Amino acid sequence: MSLFHHSPAALPQHKPLRALLLTVVVVVTLAGNAAAEPPQQLAELIVSASRSPQPLQEAAQTVTILERADLERLPGGSLFDALEQVSGVDLRQRGPFGQQADVAIRGGSFEQTLILINGIPQVNPQTGHHNLDLPLQLADIERIEIVKGPSARLYGANAMAGAINIVTRASKGPAWRADLSAGDHDALNAQGQARWQLGNWHHRLGAGHQYSSGHRHDEPTGFNSKVINYQAQGELAGQEMQALLALSERDYGASRYYFDDPQQKERSRNARALLAAELYGERLHWRPTLSLNRHEDRYRYAYNGRWFSNDSTSHNLTPGLQGSLESALGHSSFGYSGDWQQIRSSSLGDHQRHLHNLFFNQRYALSDRLQLGGGLHALYSRRWGWQSWPGAEISLAINRQWHWFAAVGGSFRIPTYTEMYYQTPNHRGDADLKPEEATTWETGLRWQDQHRQAHLSLFRRDSDNLIDWAQAPGETLWQVRNVAHSRNWGVESGLTWQQPWPLLPWLVQLDLNYSWLHSDFSSNGLETKYSRDQLRHQLHTGLQLQWLPPLSQRLQLRYERRFGGENALLVDSRLRWQFDRHWSCHLDVTDLFDQKGHESGFVERPGRWLLVGISWQS
């Protein structure tokens, strides 16, 4: 029985219309002579994911921030399309709209990147493949903070290569918004949001539906997804409160995603509740939080002519209490968080575990220019006992434009239930896995003036007991093992320049980012699934163009080359026409030149994908 309940009625493929639209994109890309609006001064960005918010220029780590204006301009229209444009981030998704995607940072695995919503960790104990199964749309997100490098002392386990903090949009102010886009492969993306106020409480409701019959009609590659979420902000007993309730359902073809066979289908349902309060005293600030996540997953696949089904339901209950204090010793942050994880699964069995986290971090200013920081995060579990990760950092403002930083820290990752207990005819987990461990060093420079920002960082990560699916040459059984040791080091650089050339007034902004990774990897002669599938070279170029006062375009070019030798040169574009303050329309083209190759594992890229959309807001 198919997991899909829709009957795709293929729309006619209007090739002349598509050719005309593509011609418009190319022509506008290559020519234009209208005057642009005056460049805006680069604003100071605040990193809220650091447990003690501070200006980006003072952060002792490499942090990339995508603001709301950035998200509006980027082609694609999903969280995953946005992450795909960040240097140092390896986003592997199957098709558009992010039905399923894995994200890795600086050569780490998708299991080693921690996802947070409003600073609250969101961990799926079943598998890291579900970490980005979030009941949020791009219209629900105010900003995305990507923290690269040693992050465990701030967030705990699983922030081994970095962390991504998703900040949802504020509820304040009455407003309405609707977005509708459609395009190739019967694609439909409909979203709506409403904001209102009752008393001293602000409310926000968002809903969306994404559908496609699939880019390969001979294999299950279509999807049918629904999302709804509600957010409230207000005061209770004089203290600030925030609540987020969200539901999502995704039904999609998983052709060739987990192994090289088209007959794979998956359906997931996710329910999340997040609560947070801001309790302010004269000097002490407390932030109690509570997160509840229920995730249902039904995965079906065919093997040797037989269909198998894995049905799993996992629960996470994560209470937390963070305190922060300003004193003569500087800024102190400290707290506790728990994580009660449970799973009931036809393929993994029934399991549960309780994790307890304690952390303390201190930041002290020796002068107006020099800051020191350090701290410790400790985790206790019955299986592995106490584990701890210390870290330290230094930050120096050389002058008003130049800033230098350095950091070192340990990190740790707990095996997922899939890695420990999965059993199929060709896959076998290991209940006796050891946690992964790593030590990371980073140093870097930032430079900024009124219209330009630049950064350069060097990093190194030494990892032990890396977990991966492995097999000896000639075997067919994939078995999870603590298989590898690795030493990764690399360089990351970037430049953002507002109005770079006065002779080209329509070129409003230029973004240029490059990252390079080298890896010494040892797996004792075993073939592995994920550990060597990393990006060696990554070049990202973004152009913000203002052809006419109402007509703008965002062009994104990225070149990627993996250690295995596969490379890709991909170009995405968004043309946007702002009719007035209420109405706008856009034309998105992803993979403009229809590049061949693999998106993830055995999954081939869907190729060129065109979407036309219209938006209205009050």
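This one's a predicted model, so the numbers in the text were calculated from it and none came from an experiment. In what follows, residues are counted from 1 in the order of the sequence shown.
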Sequence neighbours left out, what passes salt bridge (charged side-chain N to carboxylate O under 4.0 Å, His left out) with [X]? Give chain and number order.
{"X": "Asp102", "answer": "none"}
{"X": "Asp588", "answer": "Arg574"}
{"X": "Arg460", "answer": "Asp462"}

Over all heavy atoms of both residues, which pair between [X] and [Y] is shortest? Give the atoms and the distance, please.
{"X": "Tyr155", "Y": "His377", "value": "C-CE1, 3.7 Å"}
{"X": "Asp591", "Y": "Arg605", "value": "OD2-CD, 4.4 Å"}
{"X": "Phe359", "Y": "Gln322", "value": "CZ-CG, 4.0 Å"}

*Hey, is the main chain of Gln112 close enough, under 3.5 Å, to the side chain of Asn158 for a donor-acceptor pair?*
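Absent.
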
*Side chain of Gln122, backbone of Ile120: donor and acceptor closer than 3.5 Å?*
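Yes, Gln122 side chain to Ile120 backbone: donor-acceptor pair under 3.5 Å.
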
*Listed by chain and number, what are the ring pair (Phe, Tyr, Trp, His ring centres under 6.0 Å) partners of His540, not counting sequence neighbours?*
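Testing His540 for ring pair (Phe, Tyr, Trp, His ring centres under 6.0 Å), a comparison that skips the adjacent residues, returns none.
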
*With sequence neighbours excluded, what pairs up with Trp286 under the ring pair (Phe, Tyr, Trp, His ring centres under 6.0 Å) test?*
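Ring pair (Phe, Tyr, Trp, His ring centres under 6.0 Å) list for Trp286, sorted by chain: Phe334.
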
_For His129 and Phe110: C-alpha separation, side-chain torsions, deciding distance, then whether ring-ring contact (aromatic ring centres under 6.0 Å, His included) applies._
CA-CA 7 Å; His129 285 305; Phe110 60 90; 4.3 Å; yes

*Taking the side chain as every heavy atom from C-beta outward, state whether Arg272 and Leu292 have any atom pair closer than 4.5 Å.*
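Heavy-atom side-chain distance check fails, nothing below 4.5 Å.
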
*Stepwise side-chain contact (heavy atoms from CB on, under 4.5 Å) check, Met420 with Arg383*: CA-CA 13 Å; Met420 297 176 70; Arg383 174 179 290 269; 3.7 Å; yes

*Mind checking side chain to side chain contact (heavy atoms under 4.5 Å, CB included) for Thr439 and listing every partner two or more places apart, or none if nothing turns up?*
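Val408, Trp441.
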
